[in-house]
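When reading the values below, keep in mind they use all heavy atoms of this one structure, side chains included, and skip hydrogens, waters and symmetry mates. As the structure is a prediction and not an experimental result, all values here were calculated from the model.
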Amino acid sequence: MSGENAANYYNAAIEELITLQEKLHCWELIRYKSTMNVLPSTWAFKCKRYPDGRIKKFKARFCARGDRQKEGIDYFETWSPVVQWQTVRLMMIFSSILGLKSAQANITAAFVHADLPETVYINQPKGFEYTDPNNLDTKYVLKLNKALYGLKQAPRHFFNHLKDRLEKHNVRQSTCDPCLFIGDSIIVVMYVNDLLLYAKDDKTINKLIKHLHDDGFWIQKEGSAEGFLGVDIQQSDDGTFTITQTGLIS
C-alpha cells in the first residue's frame with residue numbers, strides 16, 4: 001500500500017478486521033481442503049466525503065470476490081430491492097405538509113449482521129494472513145458465518161434480516177415500494193444500510209432506533225434527512241425543498 005493516505009487506509013483495514021472478526025464473528029479459520037471452492041478476497045478502499053466535498057472518513061472494506069461464485073454452490077437467490085427516488089421525494093412532501101420530524105440513520109457493517117445459510121469459503125485478507133509457524137506448508141482459509149460484502153447474496157440476506165426486525169416492531173413493508181415501511185406512528189425509508197425515519201416527534205424516532213440497536217444492529221442516528229446519500233436537502237420556511245450535490249462540482 002502506498003500513497004499519501006496509505007497510513008489512514010491501513011488503520012482503517014485494521015479497524016475493519018477487528019469489527020468483522022472480534023465483534024461480529026464473521027468467519028472461522030480452517031485448514032484448506034482440495035474439495036473446497038475457495039473464493040478470492042480483496043480490499044476496497046474509499047475516502048468518504050460530506051456533500052460539500054470535505055473528508056468525512058477513510059474506509060476499508062474486506063470483501064469476497066463474488067464474481068467468482070458458482071450458482072447453486074456458493075449462492076442461490078440474489079435479488080434485493082432499492083428504494084425508488086419517487087418515494088424519497090414523496091416523503092419530503094409528506095413531511096412538509098404534515099410537519100413531520102425526520103432523522104437519518106446509518107447501520108455500520110450492515111451486511112455482516114445477517115447470517116449466511118450457504119457454505120462459502122474465501123481466502124484470508126491480503127496483508128493479514130495467518131500461517132502456522134510449526135507447519136508452514138498448511139494453508140488456511142475462512143469459512144464465512146455472515147453475509148460478507150462482495151457476495152452476490154449479501155444484500156438480499158441483509159434486506160430480509162432488517163425487514164424481519166422492522167416488522168417485529170410493527171413497522172410493516174408497503175405494497176407500493178418494498179423499501180418503504182409504515183408503522184402506526186412512524187415511516188421508514190430504507191436504502192441498503194441508510195435509513196430515513198419520519199414521525200410526529202423525535203421520541204418516536206429514537207424509540208425505534210433503540211429497538212434496532214437492542215436487536216444487535218450497529219445503528220447511529222445522524223441528524224435530519226439533510227445529506228441523505230450525499231445529496232444535500234434543504235427546506236425553506238415556505239415548505240419548498242432544494243436538492244444539491246455541490247461536492248461533485250469540480
[Y] and [X], any side-chain heavy atoms less than 4.5 Å apart:
{"X": "Leu90", "Y": "Leu180", "value": "no"}
{"X": "Leu116", "Y": "Leu151", "value": "yes"}
{"X": "Tyr191", "Y": "Val88", "value": "no"}
{"X": "Tyr140", "Y": "Asp132", "value": "yes"}
{"X": "Leu100", "Y": "Lys200", "value": "yes"}
{"X": "Ile187", "Y": "Ser95", "value": "no"}
{"X": "Leu39", "Y": "Asn37", "value": "yes"}

Would a single hydrophobic cluster contain both [Y] and [X], if residues Ile, Leu, Val, Met, Phe, Trp and Tyr are joined by side-chain heavy-atom contacts under 4.5 Å?
{"X": "Met91", "Y": "Leu98", "value": "yes"}
{"X": "Phe76", "Y": "Leu144", "value": "no"}
{"X": "Ile97", "Y": "Tyr198", "value": "yes"}
{"X": "Met92", "Y": "Phe94", "value": "yes"}

Closest non-hydrogen atom pair between [X] and [Y], with its separation:
{"X": "Pro133", "Y": "Tyr130", "result": "CD-OH, 4.4 Å"}
{"X": "Ser80", "Y": "Phe159", "result": "OG-CB, 3.5 Å"}
{"X": "His113", "Y": "Trp218", "result": "NE2-N, 3.2 Å"}
{"X": "Arg165", "Y": "Leu212", "result": "CB-CD2, 4.2 Å"}
{"X": "Ala114", "Y": "His161", "result": "CB-CB, 4.0 Å"}
{"X": "Asp67", "Y": "Lys152", "result": "CA-NZ, 4.4 Å"}

Under 6.0 Å from the [atom1] atom of [X], do we count more than 12 heavy atoms belonging to anything else shown?
{"X": "Glu15", "atom1": "CD", "answer": "no"}
{"X": "Lys59", "atom1": "NZ", "answer": "yes"}
{"X": "Glu118", "atom1": "CD", "answer": "yes"}

Parallel, tilted or perpendicular: rings of Phe128 and Tyr10 (30°, 60°): parallel
Ring geometry between Phe111 and Tyr149 (parallel below 30°, tilted from 30 to 60°, perpendicular above 60°):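 Rings of Tyr149 and Phe111: parallel, as their planes differ by under 30°.
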Euclidean distance, [Y] [atom2] relative to [X] [atom1], rounded to 0.5 Å:
{"X": "Thr78", "Y": "His157", "atom1": "OG1", "atom2": "NE2", "answer": "10.0 Å"}
{"X": "Lys139", "Y": "Lys33", "atom1": "NZ", "atom2": "NZ", "answer": "14.5 Å"}
{"X": "Leu142", "Y": "Ile122", "atom1": "CG", "atom2": "CD1", "answer": "5.0 Å"}
{"X": "Glu28", "Y": "Asn145", "atom1": "CD", "atom2": "CG", "answer": "4.5 Å"}
{"X": "Lys57", "Y": "Arg49", "atom1": "NZ", "atom2": "CZ", "answer": "14.5 Å"}
{"X": "Leu196", "Y": "Met190", "atom1": "CG", "atom2": "CE", "answer": "11.5 Å"}

Pairs where residues 169-189 contributes a residue and the test side chain to side chain donor-acceptor pair (under 3.5 Å) is met, not counting sequence neighbours: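 For residues 169-189: Thr87-Asp177, His169-Asp215, Arg172-Asp184.
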Short side-chain to backbone donor-acceptor contact, [X] and [Y], under 3.5 Å:
{"X": "Ser96", "Y": "Ile93", "result": "no"}
{"X": "Asp201", "Y": "Thr204", "result": "yes"}
{"X": "Glu129", "Y": "Gly127", "result": "yes"}
{"X": "Gln84", "Y": "Cys179", "result": "no"}

Side chain to side chain contact (heavy atoms under 4.5 Å, CB included) between Leu162 and Leu195, intermediate numbers included: CA-CA 11 Å; Leu162 181 54; Leu195 306 180; 4.0 Å; yes
Residues which pass side-chain hydrogen bond (donor to acceptor under 3.5 Å, both in side chains) with Glu16, listed by chain and number, not counting sequence neighbours: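 Applying side-chain hydrogen bond (donor to acceptor under 3.5 Å, both in side chains) to Glu16 gives none.
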Under the side-chain hydrogen bond (donor to acceptor under 3.5 Å, both in side chains) test, residues paired with Gln21 that sit two or more places apart: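 Scan of Gln21 (side-chain hydrogen bond (donor to acceptor under 3.5 Å, both in side chains), adjacent residues dropped) gives Trp27.
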Derivation of the side chain to side chain contact (heavy atoms under 4.5 Å, CB included) call for Leu148 and Val120: CA-CA 10 Å; Leu148 192 68; Val120 179; over 6 Å; no
Apart from Val38 itself, residues in the same hydrophobic cluster as defined by side-chain heavy atoms under 4.5 Å: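 Traced through the cluster, Val38 reaches Ile30, Tyr32, Met36, Tyr121, Val141.
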Side-chain ion pair, Asp214 and Lys210, N-O less than 4.0 Å: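 Here Asp214 pairs with Lys210 in a salt bridge, since their nearest N and O are under 4.0 Å apart.
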Non-neighbouring partners of Asp115 that pass salt bridge (charged side-chain N to carboxylate O under 4.0 Å, His left out), sequence neighbours left out: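 For Asp115 the salt bridge (charged side-chain N to carboxylate O under 4.0 Å, His left out) partners, ignoring immediate neighbours, are Lys146.
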CA sep, side-chain torsions, deciding dist, call: Ile18, Lys23, side chain to side chain contact (heavy atoms under 4.5 Å, CB included): CA-CA 7 Å; Ile18 291 174; Lys23 297 181 180 179; 4.2 Å; yes
Output a table of donor-acceptor pairs, distance under 3.5 Å, between side-chain atoms of residues 40-48 and any protein atom two or more places apart or on a different chain; print 'none' if there are none.
unit_1 : atom_1 : unit_2 : atom_2 : d
Ser41  : OG     : Asn123 : O      : 3.0
Ser41  : OG     : Gln124 : O      : 3.1
Trp43  : NE1    : Lys126 : O      : 3.1

Intermediate values then yes/no, side chain to side chain contact (heavy atoms under 4.5 Å, CB included), Phe181 and Leu208: CA-CA 12 Å; Phe181 293 80; Leu208 180 60; over 6 Å; no
